[in-house]
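Structure record follows, encoded as structure tokens.
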Amino acid sequence: MTLNGWIQILVFCAVIIALAKPLGWYMTRTFNGEWTFLSPLLRPVERVLYRLSGVDEHREQNWLSYAVALLLFNAAGFVILYGLQRFQGSLPLNPTAMSAVAPDLAFNTAASFVTNTNWQNYSGETAMSYLVQMAGLTVQNFVSAATGIAIAVAVIRGFARASTKTIGNFWLDLTRSTLYVLLPLSIVLTLFYVFCGVPQTLGPSIDVTTLEGAKQTLSIGPVASQLAIKMLGTNGGGFFNANSAHPFENPDALSNFVQMVSIFALGAGLTNVFGRMVGDERQGWAIFAAMGTLFLIGVAVTYWSEAAGNPLLANLGLDGGNMEGKEIRFGIALSSLFAVVTTAASCGAVIAMHDAFTPLGGMIPLINMQLGEIIIGGVGAGLYGMLIFAVIAIFVAGLMVGRTPEYVGKKIEAKEVKMAVLAVLCLPLAMLGFTAIAVVLPTGLSSIANPGPHGFTEVLYAYTSGAANNGSAFGGLSGNTLWYNLTLGIAMLMGRFMVIVPALAIAGSLAAKKIVPASLGTFPTNGGLFVGLLVGVIIIVGGLTFFPSLALGPIVEHLAMIAGQTFGGGG
Amino acid sequence: MAKTQTSLFDRHILFPALGASLRKLDPRVMVRNPVMFVVEVVAALTTVLFARDVAVGGADLGFSFQIILWLWFTVLFANFAESVAEGRGKAQADSLRRTRTETQAKLLAGPGRTPFKVVPGTSLKVNDVVLVEAGEIIPSDGEVIEGVASVNEAAITGESAPVIRESGGDRSAVTGGTQVLSDWIKVRITAAPGSTFMDRMIALVEGAERQKTPNEIALNILLAGMTIIFVFATVTIPSFAAYAGGVIPVVVLVALFVTLIPTTIGALLSAIGIAGMDRLVRFNVLAMSGRAVEAAGDVDTLLLDKTGTITLGNRQATGFRPIKGVSERELADAAQLASLADETPEGRSIVVLAKENYGIRGRDMNQLHAHFIPFTAQSRMSGVDVEGSSIRKGAVDAVLTAVHASGTAVTPTGAVQTLRPLVSMEAIREVQAIADEIAKTGGTPLAVAKDGRLLGVIHLKDIVKGGIRERFSELRRMGIRTVMITGDNPMTAAAIAAEAGVDDFLAQATPEHKLLLIREEQAKGKLVAMCGDGTNDAPALAQADVGVAMNTGTVAAREAGNMVDLDSDPTKLIEIVEIGKQLLMTRGALTTFSIANDVAKYFAIIPAMFLAFYPQLQALNVMRLASPQSAILSAIIFNALIIIALIPLALRGVRFQAIGAGALLRRNLLIYGLGGIVVPFIGIKAIDLAVTALHLV
């Protein structure tokens, strides 16, 4: 590890901390329907949209109507995306005449983009037409992120409101997060990426002659615009298969830095929205601090492990950390940081191959996802995931102050606990369940590239990434098979909607409760003690669930590595 | 109720509990406790597999046998914990039953005291009227409708001093099983057979009617959820192991599963609940539901009646304030004389003060040929006529009116004429000034006049109970706001409130005001506790989240509250809150401990489990346990023994300290969180050493 590396990491943290407050302020005003500096421009558009779609701005929904509206909207998005892929051959904007996407891959891709996962079992530049990329994938990049933000805001309202049945209006929240938050920021970022040298064109691929005189086809397209929302919306689906390791998708250190920042920006801002809406910004900072603590632990372990490198290679005289699978342009520190950022935040974009990380370096991204993408997390999803954990942590330890546990003035009772447990249950079910089946089925095993624990990790990583709606691939696993397309698709849908519905149910139940005023007897949830408690509960509950699988994957691989053993054969 | 302390493990409780632990293995009983039910199911499953292995001759039979044995012990220990907790209640119920003998009742047919028919007490219906005479046992719960009697209520309160029960007023409720010592009363029966206070008490302490409380239900859901998570974590292991080319025996998987699921708290949860109720009962408070005990822990606002709770029941004289030209001794002498025959506590306190401060001895009223004028609501004065002079003491305005009247006469012509200008306007003003001053400090002024001449004012003061101020500041540190309820005027109330250190007061309170205040607090999201005894308290008692009715109170009050204090001591509210908090804290502490324990168990079992095919994982064996089998056995033994080890804590409860929620949580997190992580590392290692030394594997 170098001082330079740590400075880069700390500068990144500082920028995120600085952005949380202004973004939180802006989003709070937006979702409260208050005036912002973009209102003169966007308010008329918003009103026209409501009139066209027949949405009554002044009608709020209870949690069930909110959930039903959300599910219907997502179901429609799924069907459209599936249709676009299946019929892309006969649809316009297909200059390279790509044919229809296979049904299982189309299912997987539709599930992947609707759930904000952006797991890609295809190469974007060779499988999807411009129409699918723009009208299908990019649209979902926006609305799946907007859906996440909407849920987060609805859940926050549950905590902030008292004695009411409603938690907002899904259509309003969806429209506002797209129109006021994602679109303006994406436009700014697109222009910035173009400035950095990212292509933005509808023209066909370019054939060039290299210096050696060989012919090469350079894929280009509307890259910058997709890149902007890919990061901002923690989607992670790259225009190119190489994702942000591709020079057209990430030209230089500046674009790389801005990409990392834009992954975390909205998630960090939402913690501030939480604080503002419940009337105590410190509550938001406490959540942010818990996320930050887990994040820094992850970065430290990954960076340390990558910088330490592989002793097997060191014995051969290859010093200087693990550079395998990393871009020379970014190096170990930034690749480690990016890997932790992208998996902590459910983004899934990559600038280095996680498969080629050291075992422990690759384990951190895995753990980040197994914990349920709550470290900043997917836009919105990270916050409501963290709040669910907060409910559990408060319930367990809050009893120790001798009161029925309360969080921001809301009593945590049977109904909230039931829903929180349901939400927490579905992730290990999907992650461990599918892995357990895949590693004994021949059809699952045949896709594994490496033998031994590393191959196991590849499968575990795939289902973990899917269920956590991350979308990053460990690599080494051929995912485009009938088995993986279907099961990963199902894991993604489980990981998304089996969390959303209980989260909204919690919001509904909390909104109906009174707010208990804080007293000396109330456990303060805006200080360091709470942060420590929350981090502890997350590590213990999350760690306990996945410890056996980690022991059989990265941990044993790491122990073997330092013992100088390899799991040869195959591959 | 007998106030005897049963030790944690009394012989009379221990042996029946052992039998009960076995009886509770019935799955129909076990299913009420999801975590332990799951343990029982897997224990049964492994037993069947073991039987098969014995039949066909499997490997490692001795090891499997021991694991299975400890699985069953885990279940039995849980049942034992519950049985011990129940046993302590049963012991109390038995002593209650012994006091309840078969009674005969004199059922009255008409309005008179005769004729009556002798019927068995158990045949009485609601609204029957019975006669109970001296020496007889009151056959059932009821309300006195005629007569006054002294009643021995030791059967339920353990207090042998007799209490007065009379018709009308706030002391009209009588309890079945108590004994009339003198006089007679007519009692209208208010409880149906089998649902009397005594029956309910027995059922409560036995835990027969125990229902899970809201917080207990929520905790059970969490524990069930964690159990399911660990089902996922363990059932996927065989497949992961198969990938690595290994096989995991079922008994080892079961051992891992049982050690991971929160068995510690699962086993002790109901014992904690029963023990919480039990602590209240020992404290002579009967909670009608567990919900009320939990609510007590959550109380934000405490409404306390001033008289009897914050102040001693009676006002006491603390000073004599003469007007100009009168000596203190002269005033004290007159005041003492006027109070000699006054048997009220106020009157007696005047005599005592006069003696203490001025050495004025008591005088015999008969020798003085004094004529005592008692206090009436109309005159609002009392006094004495002696040796030709008359002395009056009483409410300031009443005395002033009286002296004014004595100095004036109405002439036959109808004109008011001053005869003897004994009372100067100056003296009146002076008395009024002193009175105002006393009232401002929360005291009550009593004016004294002799032969129509004003002498001065006696300062009567509400004496705030010793130590009550500290109790209130302790409550404040717990985050509980105290509100004093009083019928006094706001000025007096404010002074006493300041002296006692309550946070707020409600002056000139009527029952309606009380109810309104409770509703207001509740609308703000607060939980309110109060105690009361009168019929007019009933609506407020019913509205409050924790309503403690005094046992001496009316039937209506007792029905409306959700707790009954058998000692009728309103300050107990404070302890009730602490017991409620203790109950919740104990649950939280053991849940945290239980979950934190899992870390060490993983480090014991995971390396042991996978060692056969991944020897590298030996590095995770941080405790350096002797062998894979001893590691697994030690973990499961620890998991079972910790239940037994924690039974005393579950029954006693985690101590509550009013040090603020943050500090309290930090302390408990250190003990039960961090301790929960560290203790099993030590425990499992120690057991492993023993297991190896004894060659158990």
Side-chain angles (χ1 to χ4, degrees), chain A residues 162 392 395-405 409 412-414 416-418 421-422 424-425 428-429 432-433 435-437 439-440 445 452-453 455-456 514-517 519-524 527 529 532-533 536 540-541 543-549 551-552 555-556 559-560 563 565, chain B residues 214-215 217-218 221-222 224-225 228-230 232-237 239-244 260 294 297-298 300 476-481 524-526 580-582 584-585 587-589 591-592 595-596 598-599 602 606 610 614 616-617 619-620 656 660-662 664-666 668-669 672-673:
Chain A
I392 291 181
F395 185 78
V396 171
L399 276 174
M400 283 196 291
V401 303
R403 283 175 71 92
T404 302
I412 307 297
E413 291 167 305
E416 292 76 39
V417 172
K418 192 189 294 173
V421 164
L422 268 181
V424 170
L425 272 180
L429 175 63
L432 295 176
T435 307
I437 301 169
V439 295
V440 289
L445 288 168
F456 174 77
K514 292 176 197 161
I515 293 180
V516 183
S519 72
L520 269 179
T522 319
F523 166 37
L529 189 61
L533 170 70
I540 289 187
V541 172
L544 292 177
T545 314
F546 295 102
F547 191 70
S549 61
L552 291 176
I555 293 177
V556 72
L559 292 170
Q565 296 155 337
Chain B
N215 176 264
I217 291 169
I221 292 171
L222 180 77
I228 297 172
I229 288 183
F230 288 123
F232 297 157
T234 43
V235 299
T236 50
I237 287 179
S239 136
F240 296 170
Y243 171 84
L260 289 183
E294 252 168 35
D298 285 353
D300 302 281
R476 200 166 303 118
R477 283 199 301 275
M478 286 186 201
I480 297 171
R481 208 167 71 92
K524 284 188 238 160
K526 295 181 176 177
K581 287 192 177 298
Q582 211 178 14
L584 293 171
M585 276 171 55
R587 271 190 211 141
T591 308
T592 309
I595 295 172
D598 282 0
V599 177
Y602 256 137
I606 292 288
F610 300 138
Y614 282 144
Q616 298 89 345
L617 287 173
L620 292 182
F656 176 79
L664 193 62
L665 186 71
R666 189 172 303 118
N668 286 333
L669 269 180
Y672 301 102

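In what follows, chains are A, B, ... by sequence order, proteins preceding strands, each numbered from 1.
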Relative to chain A, which segment of B/Ile606 carries a heavy atom at a distance below 4.5 Å: side chain, backbone, both, or neither? side chain

Could you tell me which non-hydrogen atom of B/Ile217 sits nearest to which non-hydrogen atom of A/Ala414, and how far apart they are? CG2-CB, 4.3 Å

Taking all non-hydrogen atoms of both residues, which atom of B/Ala233 and which atom of A/Leu432 are closest, and how far apart? CA-CD1, 4.0 Å

A/Thr435 and B/Thr236: CA distance, side-chain angles, deciding distance, side chain to side chain contact (heavy atoms under 4.5 Å, CB included) verdict: CA-CA 8 Å; A/Thr435 307; B/Thr236 50; over 6 Å; no

Taking the side chain as everything from C-beta on, heavy atoms only, tell me whether B/Leu222 gets closer than 4.5 Å to A/Val396. yes

Most contact-rich option vs chain B, by heavy-atom pairs under 4.5 angstrom, among A/Arg403, A/Gln565, A/Lys514, is A/Arg403

Do you know which of A/Val541, A/Val439, A/Leu552 has the most heavy-atom pairs under 4.5 Å to chain B? A/Leu552

Between A/Ala551 and chain B, with a heavy-atom cut-off of 4.5 Å, which part of the residue counts as in contact: side chain, backbone, both or neither? both

Picking from A/Val516, A/Val440, A/Ile412, A/Leu425, which has the most non-hydrogen pairs under 4.5 angstrom with chain B? A/Leu425

Minimum heavy-atom separation for B/Arg666 and A/Leu529, please, with both atom names. N-CD2, 3.9 Å

How long is the gap from CG on A/Leu559 to CG on B/Leu620, to the nearest 0.5 Å? 5.5 Å

Contact winner vs chain B - A/Pro428, A/Pro517, A/Ala563, heavy-atom pairs under 4.5 Å: A/Pro517

What heavy-atom pair brings A/Gly452 and B/Tyr614 nearest, and what distance separates the two atoms? C-OH, 4.4 Å

Would you please say whether a donor-acceptor pair under 3.5 Å links the side chains of A/Thr404 and B/Asp298? yes

Exactly one candidate in A/Lys418, A/Glu413, A/Glu416 meets side chain to side chain contact (heavy atoms under 4.5 Å, CB included) with B/Ile221; the answer is A/Lys418

Under a 4.5 Å heavy-atom cutoff, which of B/Ile237, B/Asp300, B/Val599 has the most pairs with chain A? B/Asp300

So, do B/Ser239 and A/Ile437 sit near enough that their side-chain heavy atoms are less than 4.5 Å apart? no

Closest heavy-atom pair and its distance - A/Leu399, B/Arg587: CD1-CB, 4.1 Å

Nearest 0.5 Å, please: how far is CG in A/Leu429 from CD1 in B/Ile228? 10.0 Å

Would you name the heavy atoms of B/Leu665 and A/Met400 that are closest together and state the gap between them? CD1-CB, 3.9 Å

Max heavy-atom pair count under 4.5 Å with chain A, selected residue of B/Thr591, B/Leu669, B/Val235: B/Leu669

Top contributor to chain A interface from B/Glu294, B/Lys524, B/Gln582, B/Arg481 [non-hydrogen pairs under 4.5 Å]: B/Lys524

Heavy-atom cut-off 4.5 Å, strictly under: side chain, backbone, both or neither for A/Pro548 against chain B? both

Under 4.5 Å from any heavy atom of chain B - which part of A/Leu445: side chain

Name the member of B/Phe610, B/Tyr243, B/Phe230, B/Tyr672 that forms the most heavy-atom pairs with chain A at distances under 4.5 Å. B/Tyr243

Between the side chain of B/Tyr602 and the main-chain N/O of A/Phe547, is any donor-acceptor distance below 3.5 Å? no

With a 4.5 angstrom heavy-atom cut-off, which part of A/Val421 approaches chain B: side chain, backbone, both or neither? side chain

Is A/Ile392 close to chain B through its backbone or its side chain, or both, or neither, when contacts mean heavy atoms under 4.5 Å? side chain

Given the options B/Gly297, B/Ala596, B/Gly660, B/Pro214, which has more heavy-atom pairs under 4.5 Å with chain A than any of the others? B/Gly297

Quick one: are B/Asp598 and A/Ile540 in side-chain contact, heavy atoms under 4.5 Å? no

Among B/Gly662, B/Gly673, B/Gly580, B/Ala241, single out the residue with the greatest number of heavy-atom pairs under 4.5 Å to chain A. B/Gly662

Can you say whether A/Pro405 sits under 4.5 Å from chain B via the side chain, the backbone, both, or neither, judging by heavy atoms? side chain

Under a 4.5 Å cut-off applied to non-hydrogen side-chain atoms, are A/Thr545 and B/Phe232 in contact? no

Check the orientation of A/Phe456 and B/Phe240. Use parallel for under 30°, tilted for 30 to 60°, and perpendicular for over 60°. perpendicular

Quick one: of A/Ile555, A/Val556, A/Val424, who has the most non-hydrogen atom pairs under 4.5 Å with chain B? A/Val556

Chain A contact via B/Ala244 - which portion, at a heavy-atom distance below 4.5 Å: neither

How long is the span from the CZ atom in A/Phe395 to the CG atom in B/Asn215, to the nearest 0.5 Å? 5.0 Å

